[in-house]
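Chain letters run A, B, ... following the sequence lines, proteins first, then strands; residues in each count from 1.
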Amino acid sequence: MPELPEVETIVRGLAGTIVGKTIEKAAVALPKMAVAPRRVNFKRAVRGERIVSVSRRGKFTIIELGSGRCLIVSLRMTGRLIVLGRGQAAIPYEHVSLHFTDGSRLAFADSRQFGRMRLVERGELWDAHLGVEPLSGDFTPERFIGMLSGRTTPIKALLLDQRRIAGVGNIYACEALWGARIRPGTPAKALTKPAIRRLHDALVEVLQRSIAMRGTSVDDYVDVRGLQGGFQNALSVYGRAGSGCERCGRAIVRTVLAQRGTWWCRTCQR
DNA sequence: CCGCCGCCCTGCTTGC
DNA sequence: TGCAAGCAGGGCGGCG
């Protein structure tokens, strides 16, 4: 499941490989995965466009085109963006492909077909619903405290809410809560200021550490070269039901919270 | 504005 | 061992 660190790794990979290339042709095998504004034909619109930059907002990849239009990619759970060389065979579930004039291509593959590549107009406000970037200077402990005040929502559900903080998914919500020694079901408003500060720091720390290790490959995630990340070997709780907690040795449990699998330590997360 | 629910899909796990 | 059923899950639209 690509979350912020995985998308950041992909974005860095794309920035180093496809910026400056020109789209000769788009191949769309599954039309629902390549979305364009009304009255705009996706394939026709992207033909001839040059890739100006690649960046990230939350879990979304932003491919800026010469015209000012952007391709916004959402990978959801199983989406992949892979750069392939001239003549390389199609990869599994390669549903949308941007063929460049130099013969290489960007493949957008997704076994579950939930991912989307959306063309947006220049200046279109497509990300108004997204909250603060957790690795930006805007994400201060004070702002986080304000975000939580008065809310009865379980803290883990709030961490997953993209309207508040953009980019955190199930893996890093679980890991950050373990790092801050906070029980996932705690109502947000019940957290003390020191606890909120611990969680703020744990969240930033785990995201940064994962980026440094090129993300977590537990299921489908690979980078633009098809290589796995390294953070799956550094996980403390996610997917580790039954194994011993690194702090206290008691078994990590899996429960369900807000319709999501939740891994945590009953002993040292209070 | 906010929270909740259902939907989209298919690979994988579970259970008989 | 083989097969069918059921689960998982991010984002979004609809609803109250």
Side-chain angles (χ1 to χ4, degrees), chain A residues 1-11 28-38 56-62 70-81 91-96 108-120 124-134 146-176 184-190 207 210 215-222 228 232 235 237-242 253-264:
Chain A
M1 284 152 283
E3 305 180 23
L4 188 154
E6 291 74 37
V7 177
E8 181 66 26
T9 304
I10 287 167
V11 163
V28 179
L30 197 57
K32 69 175 178 184
M33 287 186 58
V35 183
R38 286 189 195 288
R56 180 190 62 73
R57 176 84 171 93
K59 303 177 197 173
F60 295 86
T61 299
I62 305 166
C70 290
L71 289 168
I72 309 298
V73 182
S74 171
L75 297 168
R76 300 289 184 97
M77 281 93 66
T78 48
R80 290 177 166 182
L81 286 171
I91 59 173
Y93 314 106
E94 182 175 340
H95 299 311
V96 180
F108 181 29
D110 191 344
S111 66
R112 230 170 275 189
Q113 306 178 13
F114 281 1
R116 294 291 181 268
M117 179 178 282
R118 184 155 79 97
L119 181 68
V120 299
E124 186 178 333
L125 196 62
W126 63 273
D127 65 343
H129 62 292
L130 292 179
V132 66
E133 281 292 326
M147 216 182 273
L148 270 54
S149 75
R151 312 222 152 266
T152 55
T153 318
I155 183 60
K156 191 200 169 199
L158 191 140
L159 290 176
L160 294 175
D161 187 347
Q162 303 299 300
R163 294 172 298 184
R164 308 201 172 278
I165 302 172
V168 180
N170 210 14
I171 295 172
Y172 300 103
C174 290
E175 294 295 313
T186 312
K189 68 176 187 182
L207 293 173
S210 180
T216 303
S217 295
V218 279
D219 252 345
D220 295 75
Y221 164 72
V222 287
Q228 295 209 326
Q232 62 277 9
L235 295 171
V237 284
Y238 184 85
R240 303 194 63 220
V253 296
R254 180 190 186 275
T255 58
V256 175
L257 182 61
Q259 286 83 246
R260 298 285 145 76
T262 302
W263 288 266
W264 55 294

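- If you take CE of A/Met33 and P of B/dC9, they are 11 Å apart, rounded to a whole angstrom.
- In terms of phosphate contacts, A/Arg151 brings a side-chain nitrogen or oxygen within less than 4.0 Å of OP1 or OP2 of B/dC2.
- Distance check: A/Thr78 OG1 to A/Gln113 CD gives 9.0 Å after rounding to the nearest 0.5 Å.
- Regarding A/Leu75, its CG atom lies at a distance of 22 Å from the P atom of B/dC8, rounded to whole Å.
- The listed nucleotides are C/dC12, B/dG11, C/dG9; the one nearest the side chain of A/Arg76 is C/dC12.
- In this structure, CD1 on A/Ile10 lies 11.5 Å from CZ on A/Arg56, to the nearest 0.5 angstrom.
- If you take CD of A/Glu3 and C1' of C/dG10, they are 10 Å apart, rounded to a whole angstrom.
- Nearest to the side-chain atoms of A/Lys59 among the listed nucleotides C/dG9, B/dC2, C/dG10 stands C/dG10.
- Of the residues near DNA chain C, A/Leu130 and A/Met77, the one whose nearest nucleotide (by heavy atom distance) lies more toward the 5' end is A/Met77.
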(message) Walk me through whether A/Val253 and A/Trp263 qualify under side chain to side chain contact (heavy atoms under 4.5 Å, CB included).
(response) CA-CA 6 Å; A/Val253 296; A/Trp263 288 266; over 6 Å; no

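- Following rounding to the nearest Å, A/His95 (NE2) and B/dC9 (C1') show an atom-to-atom distance of 10 Å.
- A/Gln162 has its CD atom 15 Å from the P atom of C/dG13, to the nearest Å.
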(message) Between A/Glu6 and A/Tyr172, is the side chain to side chain donor-acceptor pair (under 3.5 Å) condition met? List the steps.
(response) CA-CA 11 Å; A/Glu6 291 74 37; A/Tyr172 300 103; 2.5 Å; yes

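- Going from atom CG of A/Asp161 over to atom C1' of C/dC12 covers 13 Å, rounded to whole Å.
- Within the nucleic acid shown, A/Gly261 comes within 4.0 Å of sugar-phosphate atoms alone, with no base atom in reach, counting heavy atoms only.
- Judged by distance alone, with hydrogens and angles left aside, A/Arg260 brings a side-chain donor or acceptor within reach of the base of C/dG10, the pair sitting under 3.5 Å.
- Shown here, B/dC1 forms no base pair; nothing in the strands shown gives a Watson-Crick or G-U wobble contact with both key distances under 3.5 Å.
- Under 4.0 angstrom from either OP1 or OP2 of B/dG3 there lies at least one side-chain N or O belonging to A/Arg164.
- You'll find that the side chain of A/Gln259 is closest to B/dC5, out of B/dC8, B/dC5, B/dG3.
- If you take CD1 on A/Ile91 and CZ on A/Phe108, they are separated by 10.5 Å, rounding to the nearest 0.5 Å.
- Contact annotation: A/Tyr93 does not reach the phosphate of B/dT10 (side-chain N/O to OP1 or OP2, under 4.0 Å).
- A/Thr153 comes within 4.0 angstrom of the backbone, heavy atoms only, and of no base.
- If you measure from atom CG of A/Leu160 to atom P of B/dG3, you get 13 Å, rounded to the nearest angstrom.
- If you measure from atom CZ of A/Arg57 to atom C1' of C/dG11, you get 15 Å, rounded to the nearest angstrom.
- Picking from C/dC12, B/dG11, B/dC8 the nucleotide with the shortest atom distance to the side chain of A/His129 gives C/dC12.
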